Amino acid sequence: MVMDKISISTLGKFVGEEVTVKGWLYNKRSSGKIKFIVLRDGSGYLQCIYFKGNVSPEIFELADKLGQESSIAVTGKVKEEKRAPGGYELDATGLEVINEAIDYPITLKEHGTEFLMDHRHLWLRSSKQVAILKIRHRIVKAIRDFFDNKGFTLMDPPILTPAACEGTSTLFETPYFDLGKAYLTQSGQLYAEAGAMALGKVYTFGPTFRAEKSKTRRHLTEFWMVEPEVAFNDLNDNMDLAEEFLEYVVQTVISEMTEELKVLERDTTKLQKVKRPLPRISYDEAVEILKKNGVDFEWGNDLGGADETIISNEFDMPVMVHRYPSAVKAFYMKRDPENPKLALAVDVLAPEGYGEVIGGSQREDDFDALLKRIEDNELPREAFEWYLDLRKYGSVPHSGFGLGLERTVSWICGLDHIRETIPFPRMIYRITP
RNA sequence: UCCGCGAUAGCUCAAUGGUGGAGCAUUCGGCUGUUAACCGAAGGGUUGCAAGUUCGAGUCUUGCUCGCGGAGCCA
């Protein structure tokens, strides 16, 4: 019996049976009277064998002519075969062309990034990109599972906002009817704080936008961020949550995505070490590390990318750096009651030079202190009136953090550039495809 | 915005100021177990654009365009 719509990943259940599998021609090889067609369908790869004596001359000819990425339906008997990639092979008898692809631009050989980025819509079909997309999906699912299982409520913040959330970054702006200008959000955090006062524990998970002209392997203009916010959590609670969260995400991915990590040739020995407790150091201790390594660093400055790498190299797992100078951090962060020059902030620096993957803090919950901070930063009070209300009606200590999805994918996959972590990256000089 | 590097065949790259080549892809031929298969052959070029130096420029000079990496900013 010929069966229909079988994905390659489930072929093990059909050994000895004749099946039809639909997909795309990934690669082909031939040796006279035998042709090998490697079919991919998104779930895996299947080597199909066409022997000259077993099929009609027309089909044998067709198997020879078809170009890479032609969409086809292959029919044949499934058998186990150690020599075949994936472990199974199709003793093919049938070949039906759905659409013939002529001169597919991306070959299995090397290509430069500019060419690949111009063909990003096709590049996604490559085995490495498929592996990255699957790991990204698994990370997203792990993130949601983690918070859902802990009683958090997902709350979607607005993407169009009336003003800067943090008052620092350059934002994308767009006309908004009679109300003037609107801006694409750079963070859902302020709204998450409102949500935490309503629901106790919330997280936002959505796209965020920065119009900074950043031109590095760690930056996108459009990226996804997950931001938990918890009422009654102080900075230490926040760090406890962050390390448990990171451990869960990393351990889930390395235990469930072994095939994909192998495709990416990711050495997972360092990822396996991501277990609680993560090292916690203060900004002051971080400065000491920099000075010990010969960096001419002035207390009060923010840590640069190179500084972060030096600090994270001192540890073999992510390191939490807490209590930064308040001057380099956002206005909404609570001051350290033991030293008002410090903010109750925490950044988590990923190892292997991947830099900051988490930034968070305990929020300022005192009305007067927050108002003064808004005024000192010359932010428009009227835009933050609702935010101040949260401190007027039943204010409580609360904390949260944001994790950059793409930086996390980049780190876990061991990529050298963030542009491969998102299907269609948006960067300063690229908005197509 | 600043600093550095680069642009040669569809792709990845060679070419001392002196007749622009190779591998892959494509087309044709060969091979009954290939693993980015292999072997043989063919087609394929306004060397990013514009000007200059020179007997002669892919190569040297200037400007421009585009890209890449880094800084700042941040996740």
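Not measured: the values here are computed from a predicted model. Heavy-atom basis, side chains included; hydrogens, waters and symmetry copies ignored. Chain letters run A, B, ... following the sequence lines, proteins first, then strands; residues in each count from 1.
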Distance-only donor-acceptor check, side chains A:Glu227 and A:Ser187, under 3.5 Å: yes

Between B:C66 (C1') and A:Met117 (CE): distance, integer Å: 15 Å

Atom C1', compared across B:G45 and B:G72: separation rounded to whole Å: 42 Å

Distance below 4.0 Å between A:His417 side-chain N/O and B:G69 OP1 or OP2: yes

Whole-Å gap separating P (B:C31) and NZ (A:Lys52): 8 Å

Sugar-phosphate only, base, or nothing, as touched by A:Lys79 at under 4.0 Å among non-hydrogen atoms: base

Watson-Crick/G-U partner (both atom distances under 3.5 Å) of B:U1: B:A71

Sugar-phosphate, base or nothing in reach of A:Lys215, heavy atoms under 4.0 Å: base

Polar contact flag, side-chain donor to acceptor under 3.5 angstrom, A:Asp148-A:Tyr203: yes

Touch class at under 4.0 angstrom, heavy-atom based, for A:Glu406 against every strand present: nothing

Sugar-phosphate, base or nothing in reach of A:Glu89, heavy atoms under 4.0 Å: base

Paired nucleotide for B:G63 [Watson-Crick or G-U wobble; both distances under 3.5 Å]: B:C49

Between A:Glu193 and A:His398, a side-chain donor and acceptor under 3.5 Å: yes

Touch class at under 4.0 angstrom, heavy-atom based, for A:Ser30 against every strand present: base

Rounded interatomic separation in angstrom, taking CD from A:Gln68 and P from B:U27: 12 Å

Nearest-Å distance once atom C1' is located in both B:G69 and B:A22: 28 Å

Residue pair A:Arg83 / A:Gln47, side-chain donor-acceptor N/O under 3.5 Å: no

Distance, P atom - from B:U59 to B:C49, rounded to whole angstrom: 11 Å

Residue closer to the 5' end of RNA chain B, A:Thr221 versus A:Asp64 (nearest nucleotide): A:Asp64

Interatomic distance where CZ belongs to A:Arg217 and C1' belongs to B:G67 [whole Å]: 16 Å

Touch class at under 4.0 angstrom, heavy-atom based, for A:Lys65 against every strand present: sugar-phosphate

Value in whole Å for how far the P atom of B:C68 lies from CD1 of A:Ile428: 10 Å

Whole-Å distance separating the CG atom of A:Leu108 from the P atom of B:U34: 18 Å

Donor-acceptor pair present, A:Glu114 side chain and B:G6 base, under 3.5 Å: no

Test item: side-chain donor near acceptor, A:Asp118 and A:Trp123, under 3.5 Å: no

5′-ward residue of the pair A:Asp103/A:Val357 relative to RNA chain B: A:Asp103

Sugar-phosphate only, base, or nothing, as touched by A:Leu220 at under 4.0 Å among non-hydrogen atoms: base

Nucleotide nearest A:Arg29 (side chain, heavy atoms from C-beta), chosen from B:U32, B:U34, B:A75: B:U34

Atom NZ of A:Lys134 with >12 non-hydrogen neighbours under 6.0 angstrom: yes

Distance-only side-chain donor-acceptor flag, A:Gln189 / A:Tyr332, under 3.5 Å: yes

Gap in Å between the two C1' atoms, one belonging to B:C66 and one to B:C28, rounded: 38 Å

Sugar-phosphate, base or nothing in reach of A:His119, heavy atoms under 4.0 Å: nothing

Touch class at under 4.0 angstrom, heavy-atom based, for A:Arg430 against every strand present: nothing

Rounded distance in Å between the P positions of B:C11 and B:C68: 16 Å

Aromatic-base stack, A:Phe36 on B:G33, cutoff 5.5 Å, angle under 30: no

Spacing between A:Lys28 atom NZ and B:U26 atom P, to the nearest angstrom: 6 Å

Give every pair of a protein N or O atom and an N or O atom of nucleotides 9-11 of chain B that lie under 3.5 Å apart, one pair per line with the distance.
unit_1 : atom_1 : unit_2   : atom_2 : d
B:C11  : O2'    : A:Glu110 : O      : 3.1
B:C11  : O2'    : A:His111 : ND1    : 2.4

Residue matched to B:A15 through Watson-Crick or wobble contacts both under 3.5 angstrom: none

Euclidean distance for P, B:A15 against B:A9 (whole angstrom): 15 Å

Closest nucleotide among B:G72, B:G69, B:G33 to the A:Thr216 side chain: B:G72

A:Arg419 side-chain N/O to B:G69 phosphate OP1/OP2 under 4.0 Å: yes

Distance, P atom - from B:G4 to B:C24, rounded to whole angstrom: 39 Å

Opposite nucleotide pairing with B:C38, Watson-Crick or G-U, both atom distances under 3.5 Å: B:G30

Plane angle bin for A:Phe147 and A:Phe401 - parallel if under 30°, tilted between 30 and 60°, otherwise perpendicular: tilted

Residues A:Tyr324 and A:Asp347: side-chain donor-acceptor under 3.5 angstrom: yes

No-hydrogen, no-angle side-chain donor-acceptor test under 3.5 Å, A:Ser282 and A:Glu285: yes

Rounded distance in Å between the P positions of B:G10 and B:C5: 28 Å

A:Tyr26 OH - B:U34 P separation (whole Å): 20 Å

Check: A:Tyr88/A:Glu81 side-chain N/O donor and acceptor closer than 3.5 Å: no

Sugar-phosphate, base or nothing in reach of A:Asp347, heavy atoms under 4.0 Å: nothing

Watson-Crick or G-U wobble partner of B:G58, both distances under 3.5 Å: none

